[in-house]
Amino acid sequence: MSRSIFLLPLLLSLPAQAATLLLCPGTPLASPGAVTEDYTTARGARMRAIVTEAPGKPDPGCRAVPLKVAASGVQALHFLPPDAAPGDTILLHGEQRGKEFTVTGHTLGAQPPPPAPQPGLSTRQPLDAAEVRRRAPRAAWAWSPNAWRERADAMLDWAAGQGMGELFINVPVRAGEVAEPQALAAFVRQAHGRGIALTAFEDGPDLILPTARADAVGRMRAYAAYNARAGAGESLKGVQFDVQPQLLDPDKLPKAARDGHYLDLLAALREAAGKMRLEVVAPAAWSQEDALLRGLARHVDVLTVRNYRTDPDEIRRHAAPFLDWGVRHGKRVRIALEAGPAGAGVERHYRRLGPDAKGDLLMFDLDGQKVLMLLKVPAAQDEAQAYALADRRGIAGSDTTFHFDKPALMRLLPQLESGFGAWKSFGGMAVHALR
């Protein structure tokens with residue numbers, strides 16, 4: 001019998017190499033196999049949390065905490081705002097793929113009530129929904145590039161029947177110019193005759209890549225050139241970009257570089273747009289992304305918030321910070337709801353544990369910055385507060401989309417318009433995949 005067979009039980013009993021948690025300013029490189037997460041502070045400074053088994057000599061300014069677990073035992077990291085005050089419970093929202101859980105958001109303790117209108121940001125009384133729609137029309141997306149060219153009458157009949165005052169349409173661009181400009185001009189005139197404005201839209205996270213940015217800017221110039229030559233009643237209202245940089249494959253661009261590339265893209269689009277209205281789409285989760293919101297305020301005219309929820313109070317609660325942002329910066333803000341099919345997410349409910357207890361979730365407070373660490377196997381850490389996984393549940397599609405009850409959506413829209421109309425920044429409701 002070989003010697004290695006006798007050694008096998010001993011080798012299997014040895015603990016994996018313990019890792020180190022680093023909290024560093026900027027975005028230092030991490031060793032292979034490390035777990036990382038990036039964060040932008042309210043003042044726009046970047047920082048990175050790293051769990052690594054090869055910390056080497058940390059960069060100046062890094063805070064290091066030796067861990068009792070290996071990097072392979074850490075599932076994910078998640079930053080909390082510096083002023084967060086977690087209590088007995090933490091609720092993490094995310095997506096489950098196999099054994100991997102990706103955190104997309106959090107709730108600390110009980111849900112706060114919907115914010116009351118603030119003097120100076122909104123009026124104190126809801127307004128008449130019909131009156132609100134006259135200055136803030138409803139909008140919807142028409143995804144097919146052929147719909148307006150081949151079925152213009154049917155599209156406009158549907159939009160008018162749904163009370164839509166604006167459509168986001170796909171406008172082909174070829175060789176740096178709008179394709180079929182005469183056909184587009186005729187459709188714009190026809191839509192205007194029905195009281196419906198038209199906005200071109202572009203989408204895709206790859207637009208932030210340097211290799212794709214020039215094409216996106218070229219398309220923006222093509223739309224601006226079309227408008228410059230358009231006759232009376234033939235102009236597009238603007239151009240909407242739904243980039244979603246958070247969805248970009250990290251193999252194409254490191255997560256730490258996404259925000260900077262996104263804002264660089266918006267700056268270039270702003271210059272190319274000239275006087276044409278520039279609109280972007282952002283997820284409701286960006287309400288805490290101060291650096292991104294400041295960048296948006298510099299470059300865009302309209303912000304559409306992807307507020308994909310069905311509970312009216314939740315819709316209002318997540319819309320209010322953006323409507324306030326719009327008032328402060330003089331921007332229009334649309335609130336978008338989902339009516340198409342949607343996949344399910346996951347919520348994990350964690351409860352605070354006593355001293356020295358092993359938890360599935362550890363919260364570190366490093367010089368005022370709180371970092372959550374999700375573990376694959378429960379562990380304790382002297383420098384961290386432990387939380388145990390108490391419950392998990394799937395978030396049904398009915399929590400995020402009105403696909404299963406579109407009549408309920410149509411009944412809710414006037415109520416939301418009446419309430420959101422109290423903000424002078426409100427630019428209307430938008431509905432995704434209604435048709």
Name the atoms and distances for all side-chain donor-acceptor pairs under 3.5 Å in residues 54-64, with sequence neighbours left out.
residue, atom, partner, partner atom, Å
Arg63, NH1, Asp367, OD1, 3.3

Which heavy-atom pair separates Gln246 from Pro283 by the least distance, and what is that distance?
NE2-CG, 3.9 Å

Might you confirm whether atom NZ of Lys331 has over 12 heavy atoms from other residues, nucleotides or ligands at distances under 6.0 Å?
yes

Counting N and O atoms only, with roles assigned by atom type, does the side chain of Asn307 sit under 3.5 Å from a partner on the main chain of Ile315, one being a donor and the other an acceptor?
yes

Is the backbone of Gly340 close enough, under 3.5 Å, to the side chain of Glu338 for a donor and an acceptor to pair up by distance?
yes

Is there a donor-acceptor pair closer than 3.5 Å between any side-chain N or O of Trp325 and the backbone N or O of Leu293?
yes

Scan Leu92, Val74, Leu77 and name whichever one has a side-chain contact (heavy atoms from CB on, under 4.5 Å) with Leu374.
Leu92

Report yes or no: does Asn227 contribute a side-chain atom to a donor-acceptor pair with the main-chain N or O of Leu236 at less than 3.5 Å?
yes

Sequence neighbours excluded, which residues qualify as salt bridge (Lys or Arg N to Asp or Glu O under 4.0 Å) partners of Glu177?
none

Do side-chain atoms of Arg392 reach the backbone of Val346 as a donor and acceptor pair under 3.5 angstrom?
no

Strictly distance-based, threshold 3.5 Å: is any side-chain N or O of Lys370 a donor or acceptor partner for the main-chain N or O of Ala84?
yes

Do any N or O atoms from the side chain of Arg48 and from the backbone of Cys24 form a donor-acceptor pair under 3.5 angstrom?
no

Counterpart residues, salt bridge (Lys or Arg N to Asp or Glu O under 4.0 Å), relative to Arg138 (two or more places apart):
Glu417

Distance in Å, Leu409 CG paired with His403 NE2, rounded so as to fall on 0.5 Å steps:
12.5 Å

Kindly check if the number of other-residue, nucleotide or ligand heavy atoms within 6.0 Å of CG (Leu29) is above 12?
no

Exercise: identify the closest heavy-atom pair between Ile169 and Leu184:
CD1-CD1, 4.2 Å

Mind checking whether Trp143 and His432 have parallel, tilted or perpendicular rings, split at 30° and 60°?
perpendicular

Sort and list the pairs that fulfil side chain to side chain donor-acceptor pair (under 3.5 Å) and have at least one residue in residues 260-275, not counting sequence neighbours.
Arg270-Asp301

Compare every heavy atom of Arg334 with every heavy atom of Ala139, then report the nearest pair and how far apart it is.
CB-NH1, 3.7 Å

Arg332 bridged to Glu279 by N-O distance under 4.0 Å
no

Starting at OH of Tyr387, measure out to CG of Leu362 and round the result to the nearest 0.5 Å.
10.5 Å

Under 4.0 Å between a side-chain nitrogen and a carboxylate oxygen: does that hold for Arg306 and Asp242?
yes

Which residues pass the salt bridge (Lys or Arg N to Asp or Glu O under 4.0 Å) test with Arg134, sequence neighbours left out?
Glu131

Taking Leu323's backbone N and O only, do any of them form a donor-acceptor pair with Ser425's side chain (distance below 3.5 Å, no angle check)?
yes

Interatomic distance, Ser287 atom OG to His318 atom NE2 [nearest 0.5 angstrom]:
6.5 Å

For residues 187-208, which side-chain donor-acceptor pairs fall under 3.5 Å, sequence neighbours excluded?
residue, atom, partner, partner atom, Å
Arg189, NH1, Glu234, OE2, 2.4
Gln190, NE2, Asp153, OD1, 2.5
His192, ND1, Gly233, O, 3.0
Arg194, NH1, Asp157, OD1, 3.0
Arg194, NH2, Asp157, OD1, 3.1
Thr199, OG1, Glu166, OE2, 2.6
Thr199, OG1, Arg277, NH2, 3.3
Glu202, OE1, Arg219, NE, 3.0
Glu202, OE2, Arg219, NE, 2.6
Glu202, OE2, Arg219, NH2, 3.0
Glu202, OE2, Tyr223, OH, 2.5
Asp206, OD1, Lys252, NZ, 3.3
Asp206, OD2, Lys252, NZ, 3.1

Out of His78, Glu37, Gln75, which residue meets the side-chain contact (heavy atoms from CB on, under 4.5 Å) rule with Val103?
His78

If I compare all heavy atoms of Gly33 with all of Ala71, which pair ends up nearest, and what's the gap?
O-CB, 4.1 Å

